Amino acid sequence: MIPTLEWTREGVRLLDQTRLPLEETFVLASSYQEVADAITTMIVRGAPAIGVSAAMGVALGVKHSSAANLADLETEFKQICQVLAATRPTAVNLFWAISRMGVRFAGLLSQSGITIDAIRAALIDEALQMYDEDIAACRAMGAHGAVLLPTTGGVLTHCNAGALATCGYGTALGVIRSAVELGHQIQVYADETRPFLQGARLTAWELMHDGIPTTVLCDNMAASLMRRGKIQAVIVGADRIAANGDVANKIGTYGVAVLAREHGIPFFVAAPWSTIDLETATGDDIPIEERPAIEVTHHGGKQLTPNGASVVNPAFDVTPAKYVTAIITELGVLRAPYAEALQGLESAAAAG
Ligand code: MRU
């Protein structure tokens with residue numbers, strides 16, 4: 001399995017995604033601040049991987065805390081969470097993971113006689129459990145979603161929603177992997193995904209690693225391929241899904257969804273329940289990260305645009321729910337109307 005991120009005794013070991021596909025190197029984040037930097041600089045990226053890395057960052061911060069008592073530890077815990085929460089604003093998995101660590105921490109603090117060492121151990125366990133749950137969720141999404149993909153044909157994906165974006169297996173790419181395991185003859189078309197090139201660099205790398213036939217295309221080629229009948233389905237991941245089913249995902253996803261509708265091609269979104277944000281009413285309420293201009297003006301250290309050219313670099317866009325054929329989660333496949341479907345699944349999950 002692709003080792004995206006891993007808890008070690010020394011810290012969080014991350015496959016450096018800024019260097020793929022040419023170099024397979026690892027970075028050891030040995031403090032919570034280094035985990036935060038790795039998330040900000042996209043050494044680790046993809047909503048579920050960001051969430052679990054942040055949980056490990058919290059565990060690491062508490063592990064290294066020199067707090068003399070529980071009150072000091074509580075103050076330090078808040079500071080650790082704030083630093084990690086300030087890294088990237090769009091992927092709700094980040095806030096979900098930090099909040100889950102907070103709930104666990106509060107539960108531990110309420111136990112009489114609990115020691116700081118016991119808290120350290122329990123928080124590491126919680127982060128490791130989230131890691132295992134993420135892989136299990138990806139496998140379940142794969143099982144639910146594989147049958148939705150064509151038995152033979154082209155499947156287009158945007159960005160990287162694969163093993164590299166999760167603790168393993170992937171969301172959208174996990175569904176493709178499961179379909180291939182079932183015997184579907186799938187040709188994957190990977191949008192290059194300007195400006196960070198997650199499709200060209202990461203999706204192509206990890207699918208080739210698994211021997212799944214993959215063709216990279218520039219983002220502006222999707223319409224033409226659809227018109228020529230090369231694409232039978234689109235599947236993408238998500239960074240946040242609002243209560244009405246609007247989907248925030250990598251910039252460019254919205255355009256792909258509109259094109260898919262125009263060409264009568266199903267548009268699927270695969271995401272774990274930790275990506276669903278029922279407290280955010282619609283896509284308009286989702287904060288969209290603006291990344292540094294240099295990601296657009298330069299590539300590989302080379303300047304592409306004239307000096308002084310103004311640049312816009314929103315990292316995500318919102319696809320309105322009306323373009324989404326189905327949302328594939330580990331709990332099942334949801335169809336419109338999404339507000340009811342999401343609320344119904346939430347209530348069923350809460351009831352156990
Ligand atoms: O900016 P990135 O690379 O973190 O953006 C990643 C995406 O947009 C993914 O599609 C999304 O996080 C889902 S990953 C399973």
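In this text the structure is predicted, and so the values were computed from the model without any measurement. Atoms within each ligand, like the ligands themselves, are counted from 1 in listed order.
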Going by heavy atoms in the side chains, are [X] and [Y] under 4.5 Å from each other?
| X | Y | answer |
| --- | --- | --- |
| M226 | V256 | yes |
| L14 | V12 | yes |
| K250 | D191 | no |

Under 4.0 Å, heavy-atom basis, I'd like to know which part of [X] is in contact with ligand 1: side chain, backbone, both or neither.
| X | value |
| --- | --- |
| A49 | neither |
| A161 | both |
| M42 | side chain |

Among R291, Q198, E289, R45, closest by any non-hydrogen atom to atom 6 (C) of ligand 1: R45
Contact check, [X] vs ligand 1, heavy-atom distance below 4.0 Å:
| X | answer |
| --- | --- |
| H158 | no |
| A238 | yes |
| A315 | no |
| F316 | yes |

Common cluster, M56/L123, ILVMFWY with side-chain heavy-atom separation under 4.5 Å: yes
I212 reachable from I2 in the ILVMFWY side-chain graph, under 4.5 Å edges: no
Distance filter under 4.0 Å to R88 heavy atoms, resulting ligand 1 atoms: 1 (O), 2 (P), 4 (O)
Could you find the nearest protein heavy atom to [atom] and give me its residue, atom name and distance?
| atom | answer |
| --- | --- |
| atom 10 (O) of ligand 1 | N249 OD1, 2.6 Å |
| atom 15 (C) of ligand 1 | T171 OG1, 3.1 Å |
| atom 14 (S) of ligand 1 | A165 CB, 3.4 Å |
| atom 5 (O) of ligand 1 | K250 CE, 3.3 Å |
| atom 8 (O) of ligand 1 | D239 OD1, 2.9 Å |

T40 backbone acceptor or donor facing T87 side chain under 3.5 Å: no
Backbone N/O of P48 and side chain of T166: donor-acceptor pair under 3.5 Å: no
Salt bridge (Lys or Arg N to Asp or Glu O under 4.0 Å) between D219 and R194, intermediate numbers included: CA-CA 7 Å; D219 296 337; R194 274 279 291 155; over 6 Å; no
D16 versus T18, side-chain donor and acceptor atoms under 3.5 Å: yes
